[in-house]
Amino acid sequence: MTIVYNLFFLIFSFLLTYIFLFLFRVVLIKTGLIYIVKKKWRSIEDCFHVYQFFKVPEFNESTQRNQLHHKVLVYLNSLTSIEDSDFTNLFTGKKSNEIVLHLDQNQIIEDDFLGARIFWINEEETLVLKIRKADKRRVLRPYLQHIDTVSDELDEKKWELKLYVNVVDNHDGRKGRWRSVPFTHPSTFDTLAMESDLKNKVKSDLHSFAKAKQYYHRLGRVWKRSYLLYGPSGTGKSSFIAAMANFLSYDVYDIDLSKVSDDSDLKFLLLQSTTKSLIVIEDLDRYLSEKSTAVSLSGILSFMDGILTSSCGEERVMVFTMNGKDHVDPAILRPGRIDVHLHFPLCNFTAFKTLANSYLGLKDHKLFPQVEEIFQNGASLSSAEISELMIANRNSPSRALKTVINALQTDGDGRGALHIGRRSVEEIGEPSGAFCTEGVNAVKEFKKLYGLLRVKSSRKSQSFDLIGRQNEG
Ligand SMILES: Nc1ncnc2c1ncn2[C@@H]1O[C@H](COP(=O)(O)OP(=O)(O)OP(=O)(O)O)[C@@H](O)[C@H]1O
Ligand SMILES: [Mg+2]
């Protein structure tokens with residue numbers, strides 16, 4: 001009897017202890033007591049270690065962007081420990097359902113490397129590395145190399161691109177001249193209506209450039225490639241820049257020349273840009289045609305040469321857009337300053353079919369022959385104008401096509417004549433490859449009409465040829 005009683009007592013007390021421990025643990029977790037105890041223990045432990053601090057400022061003393069700062073930031077934002085820190089910033093990512101984590105000001109995050117605990121503090125414009133003196137000699141160098149490698153890998157498949165815009169000089173060199181927002185432009189080479197052959201040439205040109213670091217280095221040249229996109233308004237130049245950025249996974253630095261105070265200011269903007277970026281100046285011809293400008297022609301030329309970028313190891317693609325290049329100083333356009341010339345003509349039938357497919361889901365339609373005929377007669381609108389009509393009538397493809405036909409016919413009667421005249425200037429000299437096949441017919445009609453047909457075979461040889469214009473890469 002006593003044995004049974006003792007056994008019962010033992011089981012009962014065991015169960016009671018178990019329930020007590022379980023409840024104690026729940027209370028500890030719920031109230032965060034474990035976390036507080038751990039934290040206190042660490043701060044006591046810290047008192048017995050000597051730490052060393054290393055600062056990684058965003059800009060150097062000549063206000064040039066410190067690439068290491070960018071690399072460390074990319075690396076830290078990728079750490080899982082950012083999720084465990086006390087607070088952090090949440091942003092929507094490239095896709096709308098994606099959420100990304102970013103370090104906040106004064107946030108401290110912890111990292112482990114080769115058994116050493118390393119802390120990073122995100123102070124204003126400076127990242128501070130805190131490491132035990134005892135670990136420093138063994139760990140610091142390989143750790144920085146590790147950051148370099150990881151950030152390069154992450155940069156390759158950048159999940160978030162940035163659009164930088166220059167702000168008016170606030171005479172606070174420390175802050176830099178660029179302000180950034182996430183770059184989420186959805187344009188890709190697939191969504192652009194242009195000849196697929198040309199798209200492929202551009203893609204392979206960009207691809208081979210991105211891989212040509214050693215080549216440029218051996219030649220002692222700045223690792224950059226310059227594109228000129230020229231053509232009438234609404235023909236896809238800006239969309240093409242966005243497609244390039246998405247294809248390369250490069251950040252975009254969009255320079256507004258009206259906010260640049262002088263030549264040296266323009267140099268600073270270039271110095272403060274990061275590697276793997278697209279440097280964009282839109283409407284350069286319009287700026288150059290203005291009477292008094294803050295930036296001189298020679299300032300723009302030296303900017304285009306990129307001689308001031310800090311090292312050959314930093315890759316940049318420069319993109320300039322113009323409505324036309326006829327009145328532009330030839331020095332701007334010379335090979336080396338502009339490596340690739342791309343003409344963006346008004347919409348033709350081929351481009352129209354691509355737009356109809358993307359915007360209306362139409363591969364073919366009984367009205368297509370009529371549209372083709374109108375294009376052959378020379379009427380023309382920009383891709384932007386046609387795509388707007390398609391969007392407005394997207395619920396009824398037939399109505400959309402009729403509206404486009406109507407607009408093209410109206411255009412042919414009135415505004416189109418003006419366009420043809422304007423196109424002839426571009427295309428007699430430069431029957432460019434972008435979408436000009438149909439346009440050439442239109443120009444022929446125009447020339448026949450006015451007896452202007454002059455064969456300019458010598459100038460035709462200057463026509464756009466991506467490969468022909470390549471100087472390197
Ligand atoms: N080739 C094209 N393919 C697909 N969409 C186009 C094309 N061209 C223009 N669009 C559409 O028209 C709109 C305007 O195009 P975009 O801003 O790229 O033209 P742009 O040449 O830069 O004009 P601007 O010279 O006035 O700046 C875009 O939203 C785009 O959707
Ligand atoms: Mg544009």
Side-chain angles (χ1 to χ4, degrees), residues 163 165 183-203 227-247 252-258 278-289 317-328 340-363 371 375 380-394 400 403-404 407-408 411 415 418-419 422-423 426-427 430 432-439 464 466:
L163 169 67
V165 288
F183 177 78
T184 51
H185 200 297
S187 177
T188 64
F189 285 122
D190 293 335
T191 60
L192 276 175
M194 58 190 289
E195 279 173 18
S196 53
D197 191 34
L198 188 72
K199 282 187 210 175
N200 291 338
K201 278 183 181 167
V202 172
K203 281 198 244 177
Y227 279 73
L228 172 67
L229 317 183
Y230 67 100
S233 183
T235 49
K237 299 181 294 296
S238 301
S239 313
F240 188 86
I241 295 172
M244 285 171 102
N246 286 325
F247 177 74
V252 178
Y253 286 82
D254 188 4
I255 298 183
D256 180 350
L257 284 174
S258 69
L278 276 183
I279 314 280
V280 177
I281 297 187
E282 293 240 45
D283 300 322
L284 183 59
D285 55 338
R286 209 188 47 198
Y287 184 81
L288 291 168
S289 70
V317 173
M318 290 186 169
V319 190
F320 305 94
T321 71
M322 295 180 186
N323 277 347
K325 56 178 184 172
D326 293 342
H327 304 295
V328 174
V340 182
H341 296 233
L342 281 174
H343 182 214
F344 287 72
L346 294 167
C347 192
N348 63 23
F349 184 58
T350 318
F352 163 82
K353 279 196 291 188
T354 314
L355 292 175
N357 191 12
S358 329
Y359 287 81
L360 306 171
L362 289 180
K363 289 225 181 306
V371 178
F375 273 118
S380 51
L381 295 171
S382 69
S383 296
E385 289 164 314
I386 291 184
S387 59
E388 286 307 316
L389 294 175
M390 289 178 174
I391 290 174
N393 295 286
R394 63 184 177 280
T403 319
V404 171
L408 285 167
D411 178 67
R415 210 179 59 108
L418 191 74
H419 273 186
R422 200 176 60 189
R423 292 177 76 186
E426 292 254 306
E427 291 173 356
E430 299 254 349
S432 77
F435 332 117
C436 74
T437 352
E438 307 291 329
F464 168 72
L466 185 74

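Computed from a prediction, not measured in an experiment: that's the story for all the values here. Each ligand, and each atom within it, is numbered from 1 in the order the structure gives.
In this structure, Ala351 has no heavy atom closer than 4.0 Å to ligand 1. No heavy atom of Tyr230 sits closer than 4.0 Å to any atom of ligand 1. Residue contacts with ligand 1 do not include Ile241, since none of its heavy atoms lies under 4.0 Å from the ligand.
Side chain to side chain, Ser238 and Glu282 meet the donor-acceptor criterion of an N or O pair below 3.5 Å.
Thr354 places no side-chain N or O within 3.5 Å of a backbone atom of Ala193 that could act as its donor or acceptor partner. Looking only at distances, no side-chain donor or acceptor of Asn246 sits under 3.5 Å from a matching main-chain atom of Thr188. Listed for the Lys237 side chain is no donor-acceptor partner under 3.5 Å among the backbone atoms of Thr321.
The closest heavy-atom contact to atom 19 (O) of ligand 1, among the options Pro186, Gly236, Pro232, comes from Gly236. In this comparison of Ala384, Cys347, Ser238, the heavy atom closest to atom 17 (O) of ligand 1 sits on Ser238.
Where the criterion is an N or O separation shorter than 3.5 Å, residue side chain and backbone included, Leu192 fails it with respect to ligand 1. Some N or O of Gly234 is nearer than 3.5 Å to an N or O of ligand 1, by distance alone. Between Ser239 and ligand 1, at least one pair of N/O atoms sits closer than 3.5 Å. For Asp283, no nitrogen or oxygen atom sits less than 3.5 Å from a nitrogen or oxygen atom of ligand 1, counting backbone and side chain alike.
Only backbone heavy atoms of Thr191 (N, CA, C or O) come within less than 4.0 Å of ligand 1; its side chain stays farther off. Here Ser387 has side-chain heavy atoms under 4.0 Å from ligand 1, and that is the only part of it that gets that close.
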Stepwise side chain to side chain contact (heavy atoms under 4.5 Å, CB included) test for Thr191 and Ser358: CA-CA 7 Å; Thr191 60; Ser358 329; 6.0 Å; no
In sequence, state the C-alpha distance, the side-chain angles, and the governing distance for Asp326 and Asp285, and then conclude on side chain to side chain contact (heavy atoms under 4.5 Å, CB included). CA-CA 9 Å; Asp326 293 342; Asp285 55 338; over 6 Å; no
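Aromatic ring orientation, Phe375 versus Phe349: tilted (interplanar angle from 30° to 60°). Relative ring orientation between Tyr230 and His343 is described as parallel, the plane-to-plane angle staying below 30° on a 0-90° scale split at 30° and 60°.
Residues Thr235 and Leu346 have side chains in contact (heavy-atom distance under 4.5 Å, counting atoms from C-beta outward).
Proximity to Tyr359 (heavy-atom distance under 4.0 Å) selects the following atoms of ligand 1: 5 (N), 31 (O).
At least one N, O or S atom of Ser238 sits under 2.8 Å from the Mg ion (ligand 2).
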